[in-house]
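In each ligand, atom 1 is the first atom listed, and ligand 1 is the first ligand listed. Computed over heavy atoms, backbone and side chain alike; hydrogens, waters and symmetry mates excluded.
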Amino acid sequence: MNSTFKILILFYAITIYLGRQLYAFSPALVKKFRWWNLKRKHLKLSPFYSPFVTSKKKLEEYPQIDKSEFMAHFDQINSKGVSIKDAMPLVMKAEKDRDFSPEINGVTAGMSSGTSGNRGVFLASVKERAFWVACVLDRVIGWSLKPRKVAFFLRANSNLYESVGSRLLSFVYFDLLVSVDVHIATLNRLQPDIVVGQPSLLKLLAKSIENGALVISPHKIISVAEVLTHDDRVYLEKVFNQTVHQVYQCTEGFLASTCKLGVLHLNEDFIHVEKHIVDEERFNPIVTDLFRGTQPVIRYLLNDILVEGPECECGSSMMTLDRIEGRMDDVFVIKDKSGVKQNIFPDFLRRIVIGAHEEITEYQIIQMSENEISLFIQPVKFHQIVVDSLSAFFFQKDLTDIKFTKSHHLDHDKNSKFRRVICKY
Ligand SMILES: [Zn+2]
């Protein structure tokens, strides 16, 4: 890591720290300043957004945008004149060679995780990468003058992540495509102070701790990338004997992270979130990143399902999240007797399955077709109990024509995020 980059990180760390302090006094002032700065420095260089800047539109008057529109207008949205035609082959090649450092017009290009199937390209400048690192240090890793080792499990390496290393903080990257058994030996040698990984991976590590193969005592566990369900959280906290921290981040922004009490807060000091209401308690976030200007994220509708939590005792006024339930794509849509389509949220299904029997250790629920649900339940002897519980729930909702099938394996390619509830229909 070169020294200019380190100085940038330090600069942003101070900026973020001061911004957070100021936010406690006047949230509106911080947001107003960042929004003004974003328009002045970046949006006016974006062919897509400059007319809105010129005509002095308010943020609420900017168009709401979703992933497909965001990619369709890629060339006009970014402020660096990068075209998707040039960027896509570059990131495709990088992904294939597993060499994650392509640059175009002076900015880094990467492939977004493509959870909804459609691939995307994201762009980040050096300053934005430094800002991101400073955010991770401020909100996730925490500052310390003691040297610390971080075991970082990732789907794919990226120069975003590599750029974090220094004498005080050494990052060891673990490739999720390699079997966990191979990583156990390395982890035993490394003795990491901090472990970062997705819940499905953290659970494998926890199991190895329980059976004695893995002997580590990290003082911070950070769950990333997938939904951390309540039951998984309880299990991980028991085995690791500490609060499990979470990061809610996607290509579109570093949205939320846990405070010292383990409560998720939206990073409202640099992310503005509006609510797209789903039902009385659920909403999809409409995200505006008040810092990113290379590829502005303005009123971007994410299809994640969020539930707001109560005010937190830590003192931060930033909105808390009670839970992240999953994605709209994974909401089951089932027709009832009168032909009316009903939405069944993933969270209901998860609760019914784990509530069916306390000894259920692993599960997955997939809607395969209009009236077929495939279940993977472990131990398999509880399959029928789960079918009975789900049937009773669906019966109450007048959904009686459902066929349950038994699956003998988890639907999870190691290169993707693990989802317990999937709608393939
Ligand atoms: Zn808090």
Side-chain angles (χ1 to χ4, degrees), residues 12-31 33-34 131-144 148 150 193-199 202 218-250 252-275 280-291 302 304-326 347:
Y12 286 123
I14 295 167
T15 310
I16 292 166
Y17 175 80
L18 292 176
R20 181 156 50 102
Q21 302 301 317
L22 193 58
Y23 189 91
F25 292 101
S26 176
L29 185 70
V30 172
K31 284 189 173 179
F33 171 75
R34 292 212 199 274
F131 183 84
W132 182 85
V133 173
C135 288
V136 171
L137 288 170
D138 187 74
R139 302 287 148 94
V140 187
I141 308 285
W143 298 94
S144 168
R148 290 171 299 167
V150 184
D193 300 287
I194 299 170
V195 178
V196 186
Q198 45 206 66
L202 294 174
H219 57 72
K220 193 158 192 177
I221 305 291
I222 302 161
S223 160
V224 294
E226 295 164 359
V227 171
L228 176 65
T229 58
H230 176 75
D231 46 318
D232 284 351
R233 181 176 182 157
V234 169
Y235 169 69
L236 290 172
E237 293 192 337
K238 190 187 83 193
V239 176
F240 286 104
N241 194 25
Q242 61 191 291
T243 299
V244 170
H245 287 273
Q246 280 184 78
V247 170
Y248 171 34
Q249 167 177 257
C250 50
E252 292 78 20
F254 182 23
L255 299 185
S257 43
T258 41
C259 65
K260 58 180 190 288
L261 300 178
V263 175
L264 264 174
H265 288 266
L266 288 173
N267 291 316
E268 288 190 285
D269 48 344
F270 50 85
I271 299 275
H272 176 67
V273 175
E274 297 164 75
K275 288 178 176 175
E280 310 86 61
E281 55 169 0
R282 297 172 176 80
F283 68 95
N284 305 127
I286 304 167
V287 174
T288 298
D289 190 318
L290 297 171
F291 183 79
L302 280 175
D304 292 343
I305 305 164
L306 310 183
V307 175
E308 186 176 346
E311 215 170 278
C312 182
E313 286 172 19
C314 75
S316 165
S317 63
M318 295 183 205
M319 189 198 290
T320 65
L321 295 179
D322 180 65
R323 57 189 188 271
I324 301 162
E325 286 195 356
D347 196 51

Looking at Arg282 and Glu308, does any basic side-chain N land under 4.0 Å from a carboxylate oxygen? no
Could you check whether the rings of Phe131 and Phe270 sit parallel, tilted or perpendicular, using 30° and 60° as the cut-offs? perpendicular
Counting neighbours of CD on Gln21 that are heavy atoms of other residues, nucleotides or ligands and sit closer than 6.0 Å, is the number greater than 12? yes
Output all residues satisfying salt bridge (charged side-chain N to carboxylate O under 4.0 Å, His left out) with Lys220, sequence neighbours left out; order by chain, then residue number. none
The Zn ion (ligand 1): protein N, O or S atoms [distance under 2.8 Å]: Cys259 SG, His265 NE2, Cys312 SG, Cys314 SG
Does Asp269 come within less than 4.0 Å of Lys31, counting only side-chain N to carboxylate O? no
Can you confirm whether more than 12 heavy atoms, excluding those of His219, are under 6.0 Å from its NE2 atom? yes
